[in-house]
Amino acid sequence: MHPLLANKWSALAIGALEQGPRRFGELQRRLQGISPKVLTQTLRRLEDSAILTRTVYPAVPLHVEYALTELGHSAAVPLGLLRTWVEENLDNTATSPCRPGT
């Protein structure tokens, strides 16, 4: 997996954008625990990697939306499957003893 996609906040931001464009404040509310600085850095990295687009609408106050690109939507598929697996198996993995070499 690409290191960018393995990053917790990148994966969660992609998931938050799966249902459509969102504004910065909406993303911050959905990604509970992320600071504005880390969210800004995450969104910039995803934009630089062509995973999402940033659209600025000339309004007062300024209106900015983030949306997944086609590449971003394709990345959301395996991330969604991983999220589903974690949700379905979290109880099993938390209680299973750790066995080296298995």
Side-chain angles (χ1 to χ4, degrees):
M1 184 180 288
H2 189 281
L4 177 66
L5 299 180
N7 175 281
K8 168 188 173 180
W9 293 119
S10 294
L12 291 173
I14 291 169
L17 290 167
E18 280 184 275
Q19 301 304 314
R22 302 223 186 266
R23 294 174 75 168
F24 186 91
E26 291 176 277
L27 287 169
Q28 190 171 14
R29 283 188 295 279
R30 287 180 65 87
L31 305 177
Q32 295 179 2
I34 192 170
S35 71
K37 178 183 175 183
V38 172
L39 179 55
T40 298
Q41 292 169 342
T42 300
L43 294 172
R44 285 183 183 155
R45 281 194 307 269
L46 291 170
E47 184 180 14
D48 291 345
S49 298
I51 300 290
L52 63 80
T53 59
R54 179 180 182 267
T55 305
V56 179
Y57 297 94
V60 178
L62 200 60
H63 178 99
V64 179
E65 282 187 346
Y66 299 89
L68 292 179
T69 62
E70 189 174 324
L71 182 63
H73 280 288
S74 69
V77 172
L79 290 173
L81 293 171
L82 180 59
R83 225 178 11 256
T84 300
W85 182 89
V86 169
E87 289 167 359
E88 291 173 354
N89 294 284
L90 188 59
D91 291 338
N92 296 335
T93 58
T95 58
S96 297
C98 192
R99 288 179 241 142
T102 58

Exercise. Give every residue pair that meets the salt bridge (charged side-chain N to carboxylate O under 4.0 Å, His left out) criterion with at least one member in residues 61-82, sequence neighbours excluded.
Key: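 Found none.
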Quiz item: Which ring pair (Phe, Tyr, Trp, His ring centres under 6.0 Å) pairs, counting each pair once, include a residue from residues 7-56, with sequence neighbours left out?
Solution: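 Qualifying pairs, neighbours excluded: none.
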Between [atom1] of [X] and [atom2] of [Y], what distance do you get to the nearest 0.5 Å?
X   : Y   : atom1 : atom2 : value
T69 : E47 : OG1   : CD    : 10.5 Å
L46 : T53 : CG    : OG1   : 11.0 Å
I51 : L17 : CD1   : CG    : 11.0 Å

Show every donor-acceptor pair shorter than 3.5 Å between a side-chain atom in residues 28-40 and any protein atom, with sequence neighbours excluded, or say none if there are none.
unit_1	atom_1	unit_2	atom_2	d
R29	NH1	G25	O	3.4
S35	OG	V38	N	3.1
T40	OG1	P36	O	2.9

Quiz item: Got a sec, which residues hit ring-ring contact (aromatic ring centres under 6.0 Å, His included) with H63, two or more places apart in sequence or on another chain?
Solution: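 Counting only residues at least two positions away or on another chain, H63 forms a ring-ring contact (aromatic ring centres under 6.0 Å, His included) with Y57.
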Quiz prompt | Pairs touching residues 71-81 that satisfy side-chain hydrogen bond (donor to acceptor under 3.5 Å, both in side chains), sequence neighbours left out | solution =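 Sorted result for residues 71-81: empty, none.
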Quiz item: Can you name the side-chain hydrogen bond (donor to acceptor under 3.5 Å, both in side chains) partners of E18, sequence neighbours left out?
Solution: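 Once residues adjacent in sequence are excluded, the partners of E18 under the side-chain hydrogen bond (donor to acceptor under 3.5 Å, both in side chains) criterion are R83.
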Practice problem: Look only at the side chain of R22 and the backbone of A16, and say whether a donor-acceptor pair between them is shorter than 3.5 Å. | Solution: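 Present.
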Exercise. Give the minimum heavy-atom separation between A76 and L68, together with the two atoms involved.
Key: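 Smallest heavy-atom distance, with atoms named: CB-CD1, 4.4 Å.
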Quiz item: Would V77 and L12 show up in the same hydrophobic cluster when neighbours are defined by side-chain heavy atoms closer than 4.5 Å?
Solution: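 No; L12 is not reachable from V77 via cluster members.
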Practice problem: Look at the side-chain heavy atoms of Ile, Leu, Val, Met, Phe, Trp and Tyr, link any pair under 4.5 Å apart, and say whether L27 and V56 land in one connected group. | Solution: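 Yes, L27 and V56 fall within the same hydrophobic cluster.
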